[in-house]
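Just so you know, ligand 1 is whichever comes first in the structure, and atom 1 is the first atom listed for that ligand.
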Amino acid sequence: MEMIHRYERFFLGSTLVILAIGLVAVISSFFVNDLELPSPVETIDPAELASTPPFDNPGVFQVGENEYDAVITAQSWAFVPGVIQVPAGSKVNFKIGSVDVVHGLIVHGTNVNLTIIPGQVAEATATFDEPGEFLFVCSEYCGILHHNMAGRVIVN
Ligand code: CUA
């Protein structure tokens with residue numbers, strides 16, 4: 001006498017195969033698509049953010065031959081600075097902190113997708129090989145003018 005009906009065995013088997021495919025897809029995406037888990041690299045007092053370096057002087061700073069730090073503060077409802085200009089081929093390290101509530105940062109055309117939690121510095125890096133304009137938007141609902149919270153990376 002069979003312990004498990006063969007249909008039952010078939011569905012158990014298919015479930016394991018589907019789970020295995022899902023696991024392989026998630027793990028391989030770390031390597032194929034440079035997926036990164038977000039992790040807070042630094043904590044910061046949101047009330048003191050505007051007077052704490054580097055956020056006391058937001059902007060774009062050259063730190064290497066083709067490398068820039070984009071230091072950005074997020075506040076309701078704007079990114080400061082709202083326009084980031086770099087030459088084509090630049091690697092840009094986004095460093096961003098919030099002075100008030102939770103915001104987000106998605107840079108179109110890149111893998112940058114951050115949650116900006118007050119008290120934490122969010123960081124991500126993207127390389128802009130082609131000239132063009134890349135919209136960035138706030139991706140966490142942060143109040144009545146959330147939809148206005150956007151900016152542009154201009155690659156020359
Ligand atoms: Cu900031 Cu939505």
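With no hydrogens or angles considered, no side-chain donor-acceptor pair links E123 and N93 at under 3.5 Å.
The distance from atom 2 (Cu) of ligand 1 to the nearest N/O/S atom of C138 is under 2.8 Å. For atom 1 (Cu) of ligand 1, the N/O/S atoms of M149 include one lying under 2.8 Å. Put simply, H146 stays out of reach of atom 1 (Cu) of ligand 1, with no N, O or S atom under 2.8 Å from it.
Considering D69, I72, V71, V121 in turn, V71 is the only one that fulfils the side-chain contact (heavy atoms from CB on, under 4.5 Å) rule with P54. Put simply, the residue from N66, I154, V92 that forms a side-chain contact (heavy atoms from CB on, under 4.5 Å) with V86 is V92.
Within H103, the N/O/S atom positioned nearest atom 1 (Cu) of ligand 1 carries the name ND1. Within E140, the N, O or S atom at minimum distance from atom 2 (Cu) of ligand 1 carries the name O.
In summary, the aromatic rings of F128 and F134 are positioned with their centroids under 6.0 Å apart.
Atom CZ of F11 is surrounded by 12 or fewer heavy atoms from other residues, nucleotides or ligands within 6.0 Å.
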